[in-house]
Amino acid sequence: MGTPIPERIRRSDDAIEVAWDANHVGRFAARALRLACPCAGCVDEMTGRPLLDPDSVPMDVAPLQVELVGGYAIRVRWSDGHGTGMQTFDWLRAHCPCGDCAPPRQSPLA
Ligand SMILES: [Zn+2]
Ligand SMILES: [Zn+2]
């Protein structure tokens with residue numbers, strides 16, 4: 001299996017919806033996705049230790065803009081001013097919070 005390519009990505013104020021195909025849509029809750037930011041400012045590159053203090057991210061943080069990066073990732077510009085993190089399609093697919101991929105109760109991103 002190669003890199004999964006979303007058919008459609010839709011932004012709303014409290015979520016980013018990634019449609020892998022017509023029948024498979026993962027809805028990533030905005031704040032959970034923000035907290036999962038993998039950039040060097042949020043996660044220590046050497047140790048993988050989280051640097052981001054969840055308390056510093058507003059409860060109502062919203063994705064202002066979603067930009068495609070090189071056909072393999074998205075970069076989200078957040079309402080808290082953050083905008084350097086990329087989520088690859090591989091990562092999004094692996095963490096798809098839909099009911100088929102992850103029981104909603106067990107996914108921190110649902
Ligand atoms: Zn970040
Ligand atoms: Zn899914």
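Order of listing sets the numbers, starting from 1, for every ligand and every atom in it. Excluded from the calculations below are hydrogen atoms, water molecules and symmetry mates; all remaining heavy atoms, backbone and side chain alike, are included. Values in this document were obtained by computation on a predicted structure and should not be read as measured data.
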Subject >> Angle subtended at the Zn ion (ligand 1) by SG of Cys42 and SG of Cys39, nearest 10° >> reply: 110°
Original post:
Do Pro38 and Gln87 come within less than 4.5 Å of each other through their side chains, counting heavy atoms only?
Top reply: yes
Original post:
Can you tell me how far CG of Asp21 sits from CD1 of Ile5, rounded to the nearest 0.5 angstrom?
Top reply: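 Taking CD1 in Ile5 and CG in Asp21, the distance rounds to 13.0 Å.
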Subject >> Atom name of the N, O or S atom in His82 that lies nearest to the Zn ion (ligand 1) >> reply: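 The His82 atom nearest to the Zn ion (ligand 1), restricting to N, O or S, is NE2.
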**OP:** Would you give the angle at the Zn ion (ligand 2) between His24 atom NE2 and Cys101 atom SG, to the nearest 10°?
**Re:** 100°
Subject >> Joint hydrophobic cluster, Leu92 plus Tyr72, side-chain heavy atoms closer than 4.5 Å >> reply: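 In one cluster with Leu92: Tyr72, no.
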**OP:** Please indicate whether Glu67 has more than 12 foreign heavy atoms, meaning atoms of other residues, nucleotides or ligands, lying under 6.0 Å from its CD.
**Re:** yes
